[in-house]
Protein chains: 2
Amino acid sequence: MPLDDRKKKILYAVITDYIMTAEPIGSRTIARKYNIGLSSATIRNEMADLEDMGYLEQPHTSAGRIPSDKGYRFYVDSILQNYLNNDPPISHNIREEIIAEFDEIVKRYARILATITRHTTVAKMPKLNPDKIKRIQIIPVASNKMILLVVTDTGIVKNYLLNFCQSVERDIFEFLNNLLNDKIAGKSEKDISEFLERDLRQMLGEVAFIADELIKTILLSLKQLQETDIYADGTSHILDFPEYKDLAKAKHFFNLLDNKSLLNEVLEPERDFIDVRIGSENKFEEMRELSIIKTTYKINNSVVGTIGIIGPTRMDYRRLINEINMMTKELSNLLSSIYNDEI
Amino acid sequence: MPLDDRKKKILYAVITDYIMTAEPIGSRTIARKYNIGLSSATIRNEMADLEDMGYLEQPHTSAGRIPSDKGYRFYVDSILQNYLNNDPPISHNIREEIIAEFDEIVKRYARILATITRHTTVAKMPKLNPDKIKRIQIIPVASNKMILLVVTDTGIVKNYLLNFCQSVERDIFEFLNNLLNDKIAGKSEKDISEFLERDLRQMLGEVAFIADELIKTILLSLKQLQETDIYADGTSHILDFPEYKDLAKAKHFFNLLDNKSLLNEVLEPERDFIDVRIGSENKFEEMRELSIIKTTYKINNSVVGTIGIIGPTRMDYRRLINEINMMTKELSNLLSSIYNDEI
DNA sequence: TATTAGCACTCTATTTAATTGAGTGCTAAT
DNA sequence: ATTAGCACTCAATTAAATAGAGTGCTAATA
């Protein structure tokens with residue numbers, strides 16, 4: 001049962017109105033404000049149909065209708081469709097103002113985007129070249145303590161303090177040092193974790209009791225090397241929306257922003273083009289009352305990060321899609337031009 | 001006019017009560033809840049005196065009294081006094097759980113502190129060893145464009161794209177390269193900025209038009225090298241306070257947290273011991289309705305960063321001072337033990 | 001003389017009731 | 001197939017009434 005033209009018109013009217021006002025909207029208002037050319041009674045009937053079909057919902061009897069997630073989805077799809085055809089207007093070039101290194105550039109774009117959209121933005125900045133472990137060094141500190149030093153390709157040094165429940169002899173440390181360098185340095189992540197989980201324990205023989213701590217730490221360092229940084233800006237904009245006058249909801253939102261690992265997953269790139277997740281479409285419970293518009297930014301056509309706009313489900317998709325698209329294009333251009341002929 | 005014992009008792013009663021309830025408190029309530037041994041009428045008189053002296057204030061006639069900033073200050077001072085004498089109880093050792101590098105460790109402590117205090121915490125993480133510029137490299141990109149590459153002692157590479165309004169000949173780039181390396185690499189910050197501001201322009205001769213852009217960029221890179229990172233956690237806790245049910249105030253607060261450069265200044269260490277700034281005592285307008293308890297953490301007795309708790313002026317100073325003290329001591333111990341015999 | 005009891009008064013917050021108004025579904029007329 | 005009309009619903013607003021905690025002042029008391 002596809003929507004006929006009249007239903008579409010009415011659905012659009014409800015959605016655009018609700019996006020602006022955040023108030024349920026009734027048949028009479030539509031008849032007055034939008035010149036559909038139908039009486040309120042007819043519109044009333046159509047709206048009842050749209051509700052049956054799941055595009056609208058009613059907060060309570062005798063209130064107006066509001067769009068459902070399905071309604072928004074329909075709306076967004078038709079926008080995106082349109083969007084693919086005519087190129088969005090490119091903004092004035094803001095590039096001149098930006099002088100900084102990678103992270104800083106992305107943060108600034110996220111900040112600008114937050115300002116112009118008046119929404120909360122989040123950005124994910126992965127490592128440019130995921131680091132490999134170049135060398136491992138063990139430094140005995142006490143008989144049951146050692147520092148594990150991890151040096152990476154790009155010269156980052158991480159160190160970890162390990163405590164063991166029993167003493168370890170000095171020459172064991174020596175042995176360990178050689179073993180780890182042999183098996184880990186320069187190897188791929190897959191090889192390393194395979195070695196750790198399969199071979200290490202038996203190779204350690206009588207000092208197997210240090211294996212757990214060791215494995216845990218090395219795996220952690222691997223994970224940290226691939227870890228991405230999350231940056232949020234314009235967080236207070238959410239409070240501009242009347243639906244967030246409800247403090248419990250606001251609290252929820254700020255909890256979400258504090259939860260970096262969740263955001264990290266939310267920003268995982270899933271589509272190359274602009275990706276819109278509306279309310280219940282979100283994988284995570286915490287996002288079920290929010291929508292996110294996200295898209296990737298690139299260096300020379302390869303994806304290096306994600307940037308997103310978060311807000312209530314009634315966000316102004318049309319405007320925001322346009323703005324995020326514009327900004328990420330700019331960002332990608334700038335990054336590409338800088339990191340083009342990398343030294 | 002020092003406070004006599006009776007006034008002190010009443011002042012304490014008002015403050016502790018207000019910290020718990022956030023409600024103005026009247027003479028009768030005090031007479032009932034706290035066994036001062038005086039009638040409400042007497043307490044009433046004393047409270048009128050305390051108000052005259054500036055320790056209490058009245059939201060409106062016929063409401064109870066609430067503490068003024070001066071009142072809190074008196075209270076905090078007497079706590080800190082007491083505090084200096086008896087060492088605070090040291091918590092169980094949480095060190096075991098923490099394996100990470102510098103930034104990560106501080107962030108985790110800030111997070112734990114936010115959790116146990118149920119307040120927003122902020123942490124400032126300066127560079128361990130403020131970096132020096134080791135080498136500068138100029139890469140011509142086009143006749144009016146170049147990339148300025150700054151390599152630091154610790155191997156950090158920053159690059160900046162410079163645009164000039166006129167073309168520059170290729171051998172100028174060469175000349176510039178040598179000049180900058182000669183005058184900047186390895187030099188102190190003071191020497192560099194002196195050279196830039198005094199000598200550079202005339203040495204450039206006919207290409208002086210590139211000086212502005214160049215000076216701006218190099219100074220920026222110097223500034224960035226010393227720049228500190230700000231981390232905030234538990235931001236949503238502020239919403240637990242009934243005084244922040246007022247959305248305008250909440251918005252204010254989150255704006256503050258978005259403003260990293262302001263936070264950076266707020267967290268500038270000013271005292272070695274625990275430093276409490278109450279409401280109007282804060283330098284910045286934006287903090288006038290908030291209090292901050294901040295203290296430094298150290299590596300081997302030298303200050304490396306600041307950590308702070310932010311909340312409404314009626315925060316539970318006694319508890320929070322204790323908890324922040326505990327945590328930063330732990331943090332300092334841990335950091336010292338790790339970065340002790342630095343390699 | 002310091003304290004307390006008592007009283008009239010003030011002002012906010014809460015409760016309760018009344019009213020408004022936008023919206024709906026259904027039916028009958030066009 | 002549309003539309004006008006009508007009775008009904010329900011949240012939100014407004015208005016009035018009430019309660020309650022507090023104050024300052026005065027006179028009585030120890």
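Residue numbers begin at 1 in each chain, while the letters A, B, ... track the order of the sequences. Here the structure is a predicted model, which is why all the values come from computation and not from measurement.
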Worksheet item: Can you tell which of dA11(D), dC11(C), dT24(C) lies closest to the side chain of H60(A)?
Response: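 It is dA11(D).
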
Worksheet item: Among dT23(D), dC10(D), dG5(D), which nucleotide sits nearest the side chain of S62(A)?
Response: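 Nearest to the side-chain atoms of S62(A), counting from C-beta on, is dC10(D).
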
Item to complete: Check DNA chain D against residues 10-24 of chain A and give the residues with a non-hydrogen atom under 4.0 Å, in numerical order.
Response: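 Nucleic-acid contacts, sorted: none.
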
Discussion item. Within residues 26-41 of chain B, which residues have any heavy atom lying less than 4.0 Å from an atom of DNA chain D?
Written reply: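 Nucleic-acid contacts, sorted: G26(B), S27(B), T29(B).
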
Rounded to the nearest Å, what distance is computed from the [atom1] atom of residue [X] to the [atom2] atom of nucleotide [N]?
X	N	atom1	atom2	result
I66(A)	dG23(C)	CD1	P	14 Å
E57(A)	dT24(C)	CD	P	14 Å
Q58(B)	dC9(C)	CD	P	19 Å
L50(B)	dT23(D)	CG	P	12 Å
I43(B)	dA2(C)	CD1	P	18 Å
R44(B)	dA27(D)	CZ	C1'	14 Å

Please check if atom [atom1] in [X] has more than 12 non-hydrogen atoms from other residues, nucleotides or ligands closer than 6.0 Å.
X	atom1	result
K9(B)	NZ	no
E289(B)	CD	no
N35(B)	CG	no

Can we say [X] and [Y] salt-bridge, meaning some charged N sits less than 4.0 Å from an Asp/Glu carboxylate O?
X	Y	result
D316(B)	R318(B)	no
K33(B)	D17(B)	yes
D240(B)	R118(B)	no
R73(A)	D69(A)	no

Practice prompt. Quick one: sort the Y75(B) and Y12(B) rings into parallel, tilted or perpendicular, breaks at 30° and 60°.
Written response: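 Ring orientation of Y75(B) relative to Y12(B): perpendicular.
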
Worksheet item: Can the ring centres of H237(A) and Y244(A) be said to be less than 6.0 Å apart?
Response: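 Between H237(A) and Y244(A), the centre distance exceeds or equals 6.0 Å.
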
Item to complete: Check R65(B), R6(B), K8(B) against E46(B) for a salt bridge (Lys or Arg N to Asp or Glu O under 4.0 Å) and give me the one that passes.
Response: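 Answer to the salt bridge (Lys or Arg N to Asp or Glu O under 4.0 Å) test with E46(B) among R65(B), R6(B), K8(B): R6(B).
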
Worksheet item: Under 4.0 Å: is that the gap between some side-chain N or O of R6(B) and OP1 or OP2 of dA2(C)?
Response: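 No.
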
Item to complete: Name the nucleic acid region contacted by T61(A), choosing base, sugar-phosphate or nothing; use a 4.0 angstrom heavy-atom cut-off, strictly under.
Response: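 Sugar-phosphate: the residue T61(A), judged by heavy atoms under 4.0 Å, touches backbone atoms but no base.
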
Item to complete: Select from R65(A) and N45(B) the residue whose nearest nucleotide in DNA chain C is closer to the 5' end of that strand.
Response: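 That would be N45(B).
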
Worksheet item: Pick the nucleotide of DNA chain C nearest each of E46(B) and M47(A); which residue has the one closer to the 5' end?
Response: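 Of the two residues, E46(B) wins.
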
Response to the item:
Each base of DNA chain C marked ( ) or [ ] if paired in-strand (Watson-Crick or G-U under 3.5 Å), | if paired to another strand and . if unpaired gives ||||||||||||||||||||||||||||||

Discussion item. Do D233(A) and T121(A) pair up side chain to side chain, a donor and an acceptor below 3.5 Å, judged on atom types alone?
Written reply: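 T121(A) and D233(A) do not have a side-chain donor-acceptor pair below 3.5 Å.
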
Worksheet item: D272(B) and T296(B): which non-hydrogen atoms are nearest, and at how many Å?
Response: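 Answer, listing the atom of D272(B) first, then T296(B): O-OG1, 3.6 Å.
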
